[in-house]
Amino acid sequence: MVLTIDVGNTRIKGAVFENDTVLEFFIFDKNELQIKIKKILKKFEKVTDLVVASVGNVEKESFLHFKNDVNVCFLTNEDHFPFKNNYATPKTLGIDRIILASGATLQYPKQNRLVIDAGTCITYDFVDENDNYLGGAISPGLRLRYEALHNYTAKLPLLTFEEPKSYVGNSTPESMHSGVVNGFVYEIDGFIDQYKEDYSNFIIILTGGDALFLAKRLKNTIFANSNFLLESLNQTFQYKINND
Ligand SMILES: Nc1ncnc2c1ncn2[C@@H]1O[C@H](COP(=O)(O)OP(=O)(O)OP(=O)(O)O)[C@@H](O)[C@H]1O
Ligand SMILES: CC(C)(CO)[C@@H](O)C(=O)NCCC(=O)O
Ligand SMILES: [K+]
């Protein structure tokens, strides 16, 4: 059994896998990290490997704490992945984006793949049918947009997500909800349309904290898989074992 951990910018997510099957998912805060992992390892005694990818600022030591109980594996930019990395700055490419690209390559062989992760940031990652990672885009996620409007203006309140009543916002809150939520959806549909123009055939994988919300609103029909990063971590770890 494998426990995969994704340390995001906002929260930590984990999953226990038996081969390719998920037994349980977890979401927790940074300050609960050690207690939660301890509990998980106690509940799932057959876990042999702890596999971590982190873009957040959690100390490596927090995981090494468990090295007497399980084999601890940190996936980093130095590892070997199933695609050719054509990013001009491979050392600065986020490990979460690398893992998503890796999972897309392993799970959907021989096709163009676009991974959209709607989390703290929205990231777009494209791996072509010849397994070349080409890059993508980074933009602010849904909650970040609300926070940015508030933090960088004098008058705008801090709002939380609400469905806009119309694209024509007729009040301050309605204008903000329209700008944030519609802007978010239009952006993603716009990117997908652009890829469609340039690539005739590709699969889209939608993931991240806002994926389910988004899937219902995009004009492009896409199924969301909120756990794609954790699944990709598991698959990439298996790939590493078989190829190292
Ligand atoms: N309890 C929650 N806490 C924070 N964000 C949440 C929560 N529930 C839903 N969300 C939504 O999820 C988005 C954040 O996504 P996610 O949880 O994937 O981010 P993350 O943990 O920072 O991961 P990453 O860094 O990989 O993006 C926010 O834009 C927010 O709208
Ligand atoms: C873009 C984020 C913050 C998304 O989690 C992360 O992937 C990251 O820190 N990336 C580094 C920059 C890059 O990917 O080019
Ligand atoms: K993200």
Side-chain angles (χ1 to χ4, degrees), residues 4-15 25-33 36-37 51-58 62 74-79 81 83 85-104 114-127 133-151 158-164 176-177 179-185 187-188 191 204-218 222 224-234 236:
T4 59
I5 301 277
D6 153 32
V7 182
N9 299 284
T10 315
R11 354 178 237 181
I12 299 178
K13 274 147 271 170
F25 283 111
F26 310 89
I27 297 188
F28 45 89
D29 215 62
K30 275 167 202 164
N31 53 30
E32 319 171 279
L33 179 79
K36 292 282 179 182
I37 293 184
V51 182
V52 183
S54 171
V55 294
N57 47 7
V58 168
S62 318
F74 292 93
L75 291 169
T76 71
N77 298 46
E78 308 293 316
D79 279 294
F81 296 99
F83 54 83
N85 195 340
N86 289 2
Y87 211 51
T89 60
K91 288 201 175 113
T92 71
L93 178 58
I95 187 66
D96 52 349
R97 302 180 65 193
I98 294 179
I99 299 298
L100 292 169
S102 167
L114 172 64
V115 188
I116 304 173
D117 182 346
T120 305
C121 297
I122 312 172
T123 53
Y124 302 81
D125 292 290
F126 193 75
V127 188
Y133 174 80
L134 303 184
I138 302 170
S139 76
L142 191 68
R143 203 165 73 155
L144 202 51
R145 291 176 197 224
Y146 278 113
E147 286 175 4
L149 288 178
H150 172 65
N151 289 343
L158 179 58
L159 301 184
T160 51
F161 164 76
E162 250 174 64
E163 195 72 64
M176 291 172 67
H177 292 307
V180 169
V181 180
N182 290 321
F184 182 71
V185 172
E187 174 192 305
I188 296 175
F191 268 115
I204 303 171
I205 300 142
L206 181 59
T207 191
D210 291 314
L212 293 173
F213 154 81
L214 251 175
K216 286 183 260 171
R217 287 161 183 84
L218 293 175
I222 307 169
N225 178 357
S226 303
N227 302 316
F228 190 72
L229 183 52
L230 291 166
E231 289 174 12
S232 299
L233 263 173
N234 181 47
T236 303

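We count ligands from 1, going down the list as the structure has it; atoms in each ligand are counted the same way. In this chain, residues are counted from 1 in sequence order.
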Open item on the list: Taking Tyr124's backbone N and O only, do any of them form a donor-acceptor pair with Arg97's side chain (distance below 3.5 Å, no angle check)?
Closed with: yes
Open item on the list: Heavy atoms only: which of Leu212, Asp210, Ile122, Asp117 lies closest to atom 31 (O) of ligand 1?
Closed with: Asp210
Open item on the list: Protein heavy atoms near atom 9 (O) of ligand 2, is at least one of them under 4.0 angstrom away?
Closed with: no
Task: Test item: Asp79 side-chain N/O and Thr76 main-chain N/O as donor-acceptor pair under 3.5 Å - done: yes
- [ ] Calculate the angle formed at the K ion (ligand 3) by O in Cys121 and OD2 in Asp117; 10° precision is enough.
- [x] 130°
Task: Residue part near ligand 2, for Leu93, under 4.0 Å between non-hydrogen atoms - done: both
Open item on the list: Counting C-beta onward and ignoring hydrogens, is there a side-chain heavy-atom pair between Ile5 and Ile37 closer than 4.5 Å?
Closed with: yes
TODO: Look at the rings of Phe161 and Phe213 and say which category their plane angle falls in: under 30° parallel, 30 to 60° tilted, over 60° perpendicular.
DONE: perpendicular
Task: Close N or O approach (Thr123, ligand 2; < 3.5 Å) - done: no
Open item on the list: I'd like to know if Arg145 and Glu187 make a salt bridge, using a cut-off of under 4.0 Å between side-chain N and carboxylate O.
Closed with: yes
Task: N/O separation below 3.5 Å, Leu229 to ligand 1 - done: no
TODO: Would you tell me which option among Leu144, Asp29, Asn9, Thr120 has the nearest heavy-atom contact to atom 27 (O) of ligand 1?
DONE: Thr120
Open item on the list: For ligand 2, which is the ligand I care about here, please tell me if Cys121 has any N or O atom under 3.5 Å from one of the ligand's N or O atoms.
Closed with: no
Task: Nearest non-hydrogen protein atom, atom 10 (N) of ligand 1 - done: Arg11 NH2, 3.9 Å
Open item on the list: If we ignore hydrogens and angles and just use 3.5 Å, is the side chain of Asp96 paired with the main-chain N or O of Ala53 as donor and acceptor?
Closed with: no
Open item on the list: Within the 4.5 Å heavy-atom criterion, are Leu229 and Ile99 side-chain neighbours or not?
Closed with: yes
Open item on the list: Only heavy atoms of Gly209, strictly under 4.0 Å: list the atoms of ligand 1 that pass.
Closed with: 12 (O), 15 (O), 16 (P), 18 (O)
- [ ] With heavy atoms only and a cut-off of under 4.0 Å, state how Asn9 meets ligand 2: side chain, backbone, both or neither.
- [x] side chain
Open item on the list: At less than 4.0 angstrom from any non-hydrogen atom of Gly94, what atoms of ligand 2 do you find?
Closed with: 7 (O), 8 (C), 10 (N), 11 (C), 13 (C), 14 (O)
- [ ] Tell me which protein heavy atom sits closest to atom 15 (O) of ligand 2, plus the residue, atom name and distance to 0.1 Å.
- [x] Tyr87 OH, 2.6 Å
Task: Parallel, tilted or perpendicular, as decided by the 30° and 60° cut-offs, for the rings of Tyr133 and Phe83 - done: tilted
Task: From Phe228 atom CZ to Asp6 atom CG, the distance as rounded to the nearest 0.5 Å - done: 13.0 Å
Open item on the list: To check your reading of the model: name the closest protein heavy atom to atom 15 (O) of ligand 1, its residue, and the distance in Å.
Closed with: Gly119 CA, 3.1 Å
- [ ] Please identify which atoms of ligand 2 are closer than 4.0 Å to at least one heavy atom of Asp96.
- [x] 4 (C), 5 (O), 6 (C), 7 (O)
Open item on the list: Tell me the protein heavy atom at minimum distance from atom 23 (O) of ligand 1, and give that distance in Å.
Closed with: Lys13 NZ, 3.4 Å
- [ ] Enumerate the atoms of ligand 2 whose separation from the nearest heavy atom of Thr92 is less than 4.0 angstrom.
- [x] 11 (C), 12 (C), 13 (C), 14 (O), 15 (O)
TODO: Using modelled atom types only, decide if a donor and an acceptor are shared between the side chain of Thr207 and the backbone of Asp117 within a distance under 3.5 Å.
DONE: no
Open item on the list: Please determine whether the number of non-hydrogen atoms from other residues, nucleotides or ligands lying under 6.0 Å from atom CG of Asn57 exceeds 12.
Closed with: no
